[in-house]
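Below is one structure, written out as structure tokens; comments come after it.
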2 protein chains.
Amino acid sequence: MKLTIYTVAQEAGVSIATVSKVINNTGRISEKTRQKVLKTMERLNYHPSTVASALTGKGTKNIGLLVPDVANPFFAEITRSIEDYSNSLDYGVMICSTDNKSERERKYVSLLLRQKIDGIILASNFQNEELIQELLDKKVPIVLLAQEVPSMSIASVTIDDFKGGSIAMQHLLSLGHRNIGIITENNRSGKKRLHAYRQMLEEYGVEVDESYIMKCEASISDGAYYGEKLLRHPSRPTAIFACNDMIALGVMTAARNAGISIPDELSVIGFDNTIMSTVTVPLLTTVSQPIREMGRKTVQLLMEDIEKGDAFKQSILYSPELVVRQSTALQKQ
Amino acid sequence: MKLTIYTVAQEAGVSIATVSKVINNTGRISEKTRQKVLKTMERLNYHPSTVASALTGKGTKNIGLLVPDVANPFFAEITRSIEDYSNSLDYGVMICSTDNKSERERKYVSLLLRQKIDGIILASNFQNEELIQELLDKKVPIVLLAQEVPSMSIASVTIDDFKGGSIAMQHLLSLGHRNIGIITENNRSGKKRLHAYRQMLEEYGVEVDESYIMKCEASISDGAYYGEKLLRHPSRPTAIFACNDMIALGVMTAARNAGISIPDELSVIGFDNTIMSTVTVPLLTTVSQPIREMGRKTVQLLMEDIEKGDAFKQSILYSPELVVRQSTALQKQ
DNA sequence: TTGTAGGCGTTATCAT
DNA sequence: ATGATAACGCCTACAA
């Protein structure tokens with residue numbers, strides 16, 4: 001026999017309306033009745049059905065999280081932080097890996113919409129801006145994480161990519177490097193980091209060599225491929241700014257294969273400070289983002305939107321920090 | 001104005017029952033009507049509400065996935081494979097990291113129950129067996145992944161841990177090692193791998209030294225801690241069987257700190273063949289599990305249970321495979 | 001082949 | 001302070 005609000009009402013000798021009221025802390029009920037109802041709910045181990053509740057318009061207590069790939073350590077960590085905070089608020093999170101493919105994004109958004117999730121977190125590099133607009137039109141609460149879409153008014157939580165790029169370059173430049181290659185993703189974050197690359201180079205009065213600039217996906221294999229290219233460059237760079245740790249790992253592999261020693265002959269700096277950067281040899285110098293804090297903040301913004309329907313969209317910008325380890329060194333001579 | 005089945009019915013000039021029938025491919029409707037309805041759904045961009053549908057007993061099209069920690073690369077990969085296949089079946093997956101804490105398990109299960117998910121995948125090392133029993137009593141479809149609970153009849157997908165342990169030990173032993181340490185998790189899988197350790201040692205006629213056996217959690221730091229202990233052992237082992245890659249990474253770190261060269265002075269073998277094992281120096285020899293295939297199979301079993309209410313619970317056992325890379329070598333002299 | 005109506009478990013609006 | 005009752009959007013006998 002199924003356990004519904006009716007069962008509780010009957011057992012407690014009240015009406016379902018009363019039970020509903022104590023569940024939701026709405027209306028006025030005597031303390032005595034409230035306790036009685038609470039007790040029976042406890043005794044019966046009753047939990048209201050989110051589904052039924054959702055049908056009346058109260059939200060599903062479920063949010064969707066779109067990331068390029070959960071299997072990518074950076075996004076896995078983001079996922080974990082979002083999951084933790086959502087859970088503490090009694091929200092479930094549906095994980096959706098898009099592979100940065102417009103088609104997958106579309107399919108997942110459609111699924112989420114049918115499931116009537118209460119809100120969506122878009123983490124990094126969403127391809128399909130019309131889709132975002134659609135969501136906006138449908139009043140679906142959205143928060144962008146590690147991504148911005150300048151042309152739209154959406155709440156977002158990001159780090160300062162330009163600053164991150166500057167910090168990385170500053171580190172390399174102050175170490176005496178002048179021939180610096182860069183391998184970056186071709187998305188907004190990547191472009192900002194690239195912009196910082198150019199800017200800092202200019203500041204140090206070194207001309208930028210376009211053939212030092214490589215664009216690719218955030219994978220070890222791509223990093224290795226383009227890293228090798230760079231290492232074969234007629235005027236081989238003495239340092240490489242890999243715009244995320246996965247790419248940096250690829251570069252390290254390429255260097256090893258080419259018998260080039262890090263950091264003696266080549267300095268490498270990554271970005272993200274994922275767990276991967278703590279296990280390489282040598283340990284990877286990188287730029288860190290406060291992932292847990294960012295995940296938490298993202299959920300918080302989303303909840304404000306969900307619960308209060310915030311009209312004012314805030315953009316939160318965190319500062320990245322340099323984490324010096326062993327993969328970068330003074331340029332000799 | 002909200003878009004419901006009524007809107008579609010009206011626009012198409014039929015009743016909601018008809019629309020419902022074409023949506024669910026049930027009952028008999030003329031091809032003409034079907035097309036008409038399909039067209040209007042298309043035109044209106046209508047998608048039936050899973051919530052409402054769920055309330056009538058048709059399931060939420062949502063499953064829960066409990067893992068110790070999504071941020072752990074092994075489980076991140078598992079998550080990805082499960083997500084992919086579920087998604088292709090139009091199911092959403094709610095991610096739940098338990099940290100192997102009974103309290104978190106309980107909280108998540110309660111959340112999932114309230115959300116009325118259609119089924120649950122329990123990946124690895126569930127602490128709370130009464131909770132499982134509760135779920136079973138409630139007829140919640142469950143499949144165990146990378147875990148078994150011998151005392152209960154539950155569908156499961158695992159690799160043969162004993163065989164995996166044997167393969168790893170066989171490799172080390174055939175390389176001439178006789179002083180072999182082991183660091184393992186204290187769960188069912190770990191115990192089986194440990195059992196294989198003892199067995200193989202015995203087979204090779206070497207007495208097992210209990211002080212060579214360490215138990216810990218699946219983390220780099222624990223691996224480093226116990227690895228260091230082993231390396232300080234008066235009769236230092238020449239090889240270490242780390243029962244998963246994370247632990248192996250810790251051991252490698254410990255060895256490096258102690259100035260012990262791998263594989264020259266110490267052979268290390270891991271388990272899981274995660275992405276981490278492809279970026280270490282030297283590359284990690286490990287034992288692989290067919291993660292994607294296992295994830296897929298798990299979802300498949302769960303769906304069978306959800307859709308057909310399978311009475312017969314199958315246990316699928318996959319074979320692990322040795323992946324020889326660079327962290328193991330012949331024992332000199 | 002298609003339509004009518006009752007039910008799924010809650011919430012919320014009125015009465016009482 | 002409490003209770004009866006109409007939604008919510010869909011499914012499914014049962015009728016027509």
Side-chain angles (χ1 to χ4, degrees), chain A residues 1-38 40-41 44-62 90 113-118 138-139 306-307, chain B residues 1-38 40-41 44-62 90 112-118 138-139 307:
Chain A
M1 149 87 214
K2 64 211 68 160
L3 189 49
T4 77
I5 199 173
Y6 282 94
T7 329
V8 178
Q10 202 151 25
E11 289 287 318
V14 297
S15 79
I16 62 162
T18 305
V19 178
S20 177
K21 275 167 194 154
V22 354
I23 291 173
N24 300 291
N25 264 304
T26 135
R28 351 200 103 278
I29 44 221
S30 69
E31 190 52 29
K32 198 161 60 176
T33 318
R34 135 170 278 107
Q35 286 309 327
K36 189 170 52 178
V37 173
L38 253 19
T40 35
M41 293 204 318
L44 267 36
N45 189 28
Y46 163 81
H47 294 284
S49 155
T50 314
V51 173
S53 161
L55 193 54
T56 73
K58 295 240 326 176
T60 52
K61 288 283 191 175
N62 238 299
D90 253 15
L113 250 27
R114 262 174 294 156
Q115 302 260 17
K116 298 269 183 302
I117 41 76
D118 296 342
K138 289 192 172 136
K139 309 284 187 213
I306 291 174
E307 279 156 22
Chain B
M1 151 84 216
K2 65 210 65 161
L3 189 50
T4 78
I5 199 173
Y6 283 94
T7 328
V8 178
Q10 200 150 25
E11 289 285 320
V14 298
S15 78
I16 62 162
T18 306
V19 178
S20 175
K21 276 167 194 155
V22 354
I23 291 174
N24 300 292
N25 265 305
T26 134
R28 346 199 109 281
I29 46 223
S30 70
E31 190 51 30
K32 198 162 59 175
T33 318
R34 137 171 276 107
Q35 285 309 327
K36 189 169 53 178
V37 173
L38 251 20
T40 35
M41 296 205 316
L44 267 35
N45 190 26
Y46 164 80
H47 294 285
S49 155
T50 314
V51 172
S53 156
L55 194 54
T56 73
K58 298 249 312 183
T60 53
K61 287 283 189 175
N62 238 300
D90 253 14
L112 294 174
L113 251 27
R114 261 173 296 156
Q115 302 260 19
K116 299 271 183 300
I117 40 78
D118 296 340
K138 289 192 171 135
K139 308 285 186 214
E307 280 156 23

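All of these numbers come straight from a predicted model, not from anything done at the bench.
Considering only heavy atoms from C-beta on, A:Val22 comes within 4.5 Å of A:Ile29 through its side chain.
As judged by a 4.0 angstrom heavy-atom cut-off over every strand, A:Val14 is placed among residues touching the sugar-phosphate backbone only.
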Exercise for the section: Go through the steps to decide whether A:Thr50 and A:Ser53 satisfy the test side-chain hydrogen bond (donor to acceptor under 3.5 Å, both in side chains), and finish with yes or no. Expected result: CA-CA 5 Å; A:Thr50 314; A:Ser53 161; over 6 Å; no
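Side chain to side chain, B:Asn62 and B:Gln115 fail the donor-acceptor criterion of an N or O pair below 3.5 Å.
A straight line from CD of A:Gln115 to P of D:dC10 spans 14 Å, rounded to a whole angstrom. Atom CZ in B:Arg28 sits roughly 17 Å away from atom C1' in C:dG3 (whole-Å rounding). Remark: P of D:dG9 and CD of B:Gln10 are 14 Å apart, rounded to the nearest angstrom.
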Exercise for the section: Can you check each nucleotide of nucleotides 4-13 of chain C against protein heavy atoms at under 4.0 Å and return B for base, S for sugar-phosphate only, - for none, in 5' to 3' order? Expected result: B--BBBBBB-
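What you find for A:Val19 and A:Ala9 is that their closest heavy atoms are CG2-CA, 3.7 Å. The two residues A:Ile5 and A:Ile16 make their nearest non-hydrogen contact at CD1-O, 3.7 Å. In this structure, B:Lys36 and B:Ala12 approach most closely via the heavy-atom pair CE-O, 3.5 Å.
Axis angle across the helix from C:dT1-D:dA16 to C:dT16-D:dA1, with five pairs used at each end and values rounded to 10°: 40°.
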